[in-house]
Amino acid sequence: MDTPVTTFSEAPDDPFAVRRSASAVLDDNGRVVGWSERAEALLGYAPEDVLGRPVREVLLDPRDEDVVMAAVAACVSAGGWFGIIPVRDRGGTRVELGCRVRAVARADSGIEWFLVGGPAEQVIQWETDRSVLDGMFRRSPIGLAVLAPDLSLLRVNRAIARFGGIPAAYYRGLRIGDFVIGRDADTVEARLRRVLETGQPLIFTEQPCRLRHDPDRELVVSVSAFRMQDPAGRILGVTQMVEDVTDRYRARRRLALLNDVGARIGTTLDVERTARELAEVAVPDLADCVSVDLLEPVTRGEEPGQEAWAPMVRTAVRSISPEASRVMHPLGHTMRPPPGAPQTRCLTERRPVLEPVLEFAPGWSSLDPDKAERVQDLGVHSLIVVPLVARGLVLGVVSLWRWRRPEPFEEDDLTLAEEFAARAAVCIDNARRYTQQHQAALALQRSLLPSEVPEHPAVEIDHRYLPADATAGVGGDWFDVIPLSGLRVALVVGDVVGHGIHAAATMGRLRTAVHTLANLDLPPDEVLSHLDDLVDRLAAEQEATGERAPQVVGATCLYAVYDPVSGRCALARAGHPPPAVVTPDGRVDFPDLPAGPPLGLGGLPFEAAELELPEGSLLALYTDGLLAGRRRDIDEGLELLRRALSDPARSLEDTCKAVEDALLPDCPGDDIALLTARTRCLAAHQVATWELPAEPTAAAEGRTLAVAQLNDWGLEEVAFTTELIVSELITNAYRYSSGPVTLRLIRDRHLICEVSDPSSTSPHLRHAATTDEGGRGLFLIAQLTERWGTRYVRNGKTIWTEQPLPSTPRGVSPNSFCGK
């Protein structure tokens, strides 16, 4: 195979540029046939010392032969090589040189090798600079573009490519106007030309623009630019940095608008707070005293009725002096204005009432004759009553009073009061509707969460659930305790991304799916795989319907199955924090489980892990809000959790309280779920297991073993039924599988019979015809047991049944302890 001949471009600062580097030429046999003056100066060898001699004899130390041979092999295969190699100078000192080798061909000879090099420190620095520049063009989130003196593009980074909607490889030679529309492109180019001409850099200048690939979207970008020139002063072009600041610009503009309109009204989604802000804005600039009275349903977040004579609640009072506050009705006072009063007329006519001279106003004193007299004694002389109207609904009234100012209210004051009231009404209505929706979301969330945690013989359970602060909205955190076959139990904690009623609804759907999958007795990793598919489908459904609500993009989940017979716990997690495991001696660990991707990403597998939990171990499952509260990092949260769980002698109630005190903030920004479970193990005498050969006598042997065991347990009353169940299950296993059959009896509150075989054949319950010779076995089992089902494992399946023990009345559902 011929050696490829390569060429290399030389940058101005390239340490391997021929004009500034030591160089040598080797023939195809490794003999030196060329030696430069810079090589002589760098290593001390005169040309006559090296020419015609093998390079291995002159320059190389035998200890470095492996390094050199690797470089030679790379040269031969690729036609060139770059790297650092050790050589000996004339004094025998070992020197590391940066070296570039390339194959060259001359007409009068074969392949020769041209070497250029320099000090390793210089080469490393040059390569470092190249890496930094490469990072700016490949990984920087800030757009970077290099333009020629004619303002055509030479190179752009990936951020610019995403911004402009054109692959980065196609930008060379384009102009800004090729991807920025018209006048905006002209403005940008004019500014860049000014930078080229004057050398004055452009720093963080904001520029609106529209892109050709998305003309309907108006962007605002921050542009910085500086002129490039070489040491001789020759102008090479201009470098431009671009950052999309559209969201920041719009937020700033909205804030400015809110400041102009009235920044002090509507700062929260709280009805009472908004009413207070309205009163504070109007006093003292407009009135000496302001009272805000809202219709009673509004204070509860409900839709207001429109009766003219409806009860109102005093929600806010603001005055320039404490005397007026003592005269006015107190906060929380419920009143029903009488007919003819200014407030009643305002509500009835849905228009403001101006009473410049209060003394002559009809009906105002009928509100409360005693208080009216005290108001007159205070010197109140003028009144404005303005309705709070939003979306066509009257929410209440605002009353403005004057007594310290001698001038009465005028029409201009009324106009200003109406502007205050109009803004406040919208804010109050928003707060009311938010309160209504938040209460509905909370009600939905409560209905979707387990109302009580079921008792289970495998674990002792306690939990905490703290909803997020009202301003954050309800979240999608959930927990579950799901009884499984064989006295096993599934412990689940999950968290849906986002907040609001959509997150709560999605949480309910996922929780229902978990129950369904748990009833299929799937392993934890398979449960998460099915949930991952479900989240994908939910997101696709939302996109297909074009909902404007925030899309649910994922969820996290931790699914654990504990078996009290073996004392082992299988766990799998999808982007969820690991559980805490507390041993009976008080050691707290956070097992390093396979993390798994969050639900909804798709395409990546989930892995399960098994832990052996001694009896009395504590398993704590939680959502990330528990660790991230109070603006602390995750490691700090884990350490606080470790300390709170470190006392194994405490009851679960006290343990949850300790965790709550140590980690939970008063007003969390996210829902927080904590589920604690202390493990129990079944005693050996409660479990009996036999392995039976796959022979025709297996059913008879199984019946004999089962009856003997039931006699030992004192359960002779259920022996006949159990014989039928064991006989039918073992016969089916023998008929449809080819391996040994395992029979297991578990005695707890129920008698559990399990028959396992290596076959994955699925049993089906059916009604046999009168002429059929078989097919009635599972139907018979279903009639004799309270529950039965199939559990699949990687090496076969298990068919299980549950029978009530004689101590359990026949009419009592087994769900009284299993929580189903």
Side-chain angles (χ1 to χ4, degrees), residues 445-446 449-469 475 477-483 487 489-495 558-562 564 567 569 571 573 576-591 593 611-630 632-682 817-819:
Q445 185 187 48
R446 293 190 194 101
L449 288 170
S451 57
E452 61 181 22
V453 175
E455 294 183 3
H456 197 280
V459 287
E460 178 190 358
I461 296 290
D462 202 355
H463 66 93
R464 288 291 185 276
Y465 191 91
L466 185 64
D469 180 70
D477 294 22
W478 88 92
F479 64 93
D480 252 316
V481 178
I482 307 173
L487 289 184
V489 63
L491 306 173
V492 191
V493 168
D495 184 4
L558 174 60
Y559 187 89
V561 175
Y562 174 68
C569 183
L571 308 95
R573 62 187 180 120
H576 202 83
V581 178
V582 186
T583 58
D585 59 3
R587 188 178 74 254
V588 182
D589 293 319
F590 297 95
L593 306 178
L611 303 177
E612 187 168 350
L613 301 179
E615 184 170 12
S617 297
L618 178 66
L619 193 63
L621 287 68
Y622 51 88
T623 53
D624 58 359
L626 181 70
L627 303 179
R630 295 175 180 169
R632 56 174 166 257
D633 58 35
I634 298 299
D635 291 337
E636 182 183 357
L638 289 174
E639 183 58 33
L640 290 174
L641 181 59
R642 185 191 303 274
R643 295 175 189 171
L645 296 172
S646 60
D647 186 357
R650 281 193 300 231
S651 66
L652 290 186
E653 171 71 24
D654 292 339
T655 299
C656 289
K657 183 65 167 62
V659 173
E660 184 177 359
D661 294 340
L663 288 101
L664 299 188
D666 295 331
C667 298
D670 192 7
D671 286 15
I672 295 170
L674 171 66
L675 179 64
T676 58
R678 181 165 283 133
T679 62
R680 300 176 179 133
C681 289
L682 288 184
F817 75 89
C818 73

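- A 4.5 Å side-chain heavy-atom check between Pro648 and Thr655 finds every atom pair outside the cut-off.
- Put simply, the side chain of Arg573 never gets that close to the backbone of Tyr559: no donor and acceptor are under 3.5 Å apart.
- Here the closest non-hydrogen pair linking Ala662 and Ala644 is CB-CB, 4.3 Å.
- Using a 4.5 Å cut-off on side-chain heavy atoms (C-beta onward), Val459 and Tyr562 make contact.
- Atoms SG and CG, on Cys656 and Asp661 in that order, are 11.0 Å from each other to the nearest 0.5 Å.
- At a threshold of 4.5 Å between non-hydrogen side-chain atoms, the residues Leu641 and Phe590 count as touching.
- Side-chain contact between Val492 and Phe479 is absent, with no heavy atoms from C-beta onward closer than 4.5 Å.
- Residues Leu618 and Arg678 approach most closely at CD1-N, 4.2 Å, considering heavy atoms.
- The CZ atom of Arg643 sits 10.5 Å away from the CG atom of Leu663 when rounded to the nearest 0.5 Å.
- Within the 4.5 Å cutoff, side-chain heavy atoms of Leu611 are placed close to those of Leu571.
- Looking at residues two or more places apart in sequence or on another chain, you find a side chain to side chain contact (heavy atoms under 4.5 Å, CB included) between Arg680 and Glu460, Glu615.
- Between Lys657 and Glu653 there is no salt bridge, since no side-chain N of the basic residue sits under 4.0 Å from a carboxylate O of the acidic one.
- For Tyr622, there are no ring-ring contact (aromatic ring centres under 6.0 Å, His included) partners at least two apart in sequence or on another chain.
- Residues forming a salt bridge (Lys or Arg N to Asp or Glu O under 4.0 Å) with Asp589 (at least two apart in sequence, or on another chain): Arg587.
- Taken to the nearest 0.5 Å, the CG atom of Asp635 stands 11.0 Å off from the CG atom of Leu640.
- At least one donor-acceptor pair under 3.5 Å links the side chain of Thr676 to the backbone N or O of Asp462.
- With Thr679 contributing its side chain and Ser617 its backbone, the two residues share a donor-acceptor pair below 3.5 Å.
- Minimum interatomic distance between Leu487 and Ala458 (heavy atoms only, all atoms of both residues): O-CB, 3.5 Å.
- In this structure, Thr623 contributes its side chain and Ala673 its backbone to a donor-acceptor pair below 3.5 Å.
- With Asp477 as the partner, the side chain to side chain contact (heavy atoms under 4.5 Å, CB included) test is satisfied by one option alone out of Leu466, Leu674, Asp495, Leu626: Asp495.
- Here the CD1-CG distance, from Ile634 to Asp624, works out to 7.0 Å after rounding to the nearest 0.5 Å.
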Check the pair His576 / Val493 against side chain to side chain contact (heavy atoms under 4.5 Å, CB included), numbers first and verdict last. CA-CA 9 Å; His576 202 83; Val493 168; 3.6 Å; yes
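- In this structure, Leu491 and Leu621 approach most closely via the heavy-atom pair O-CD2, 3.8 Å.
- When all heavy atoms are compared, the tightest approach of Ser646 to Val588 is CA-CG2, 3.8 Å.
- Shown here for Leu558 and Pro577, the closest heavy-atom pair between the two residues is CD2-O, 4.0 Å.
- For the pair Cys569/Val561, no side-chain contact is recorded, criterion being any heavy-atom separation below 4.5 Å from C-beta on.
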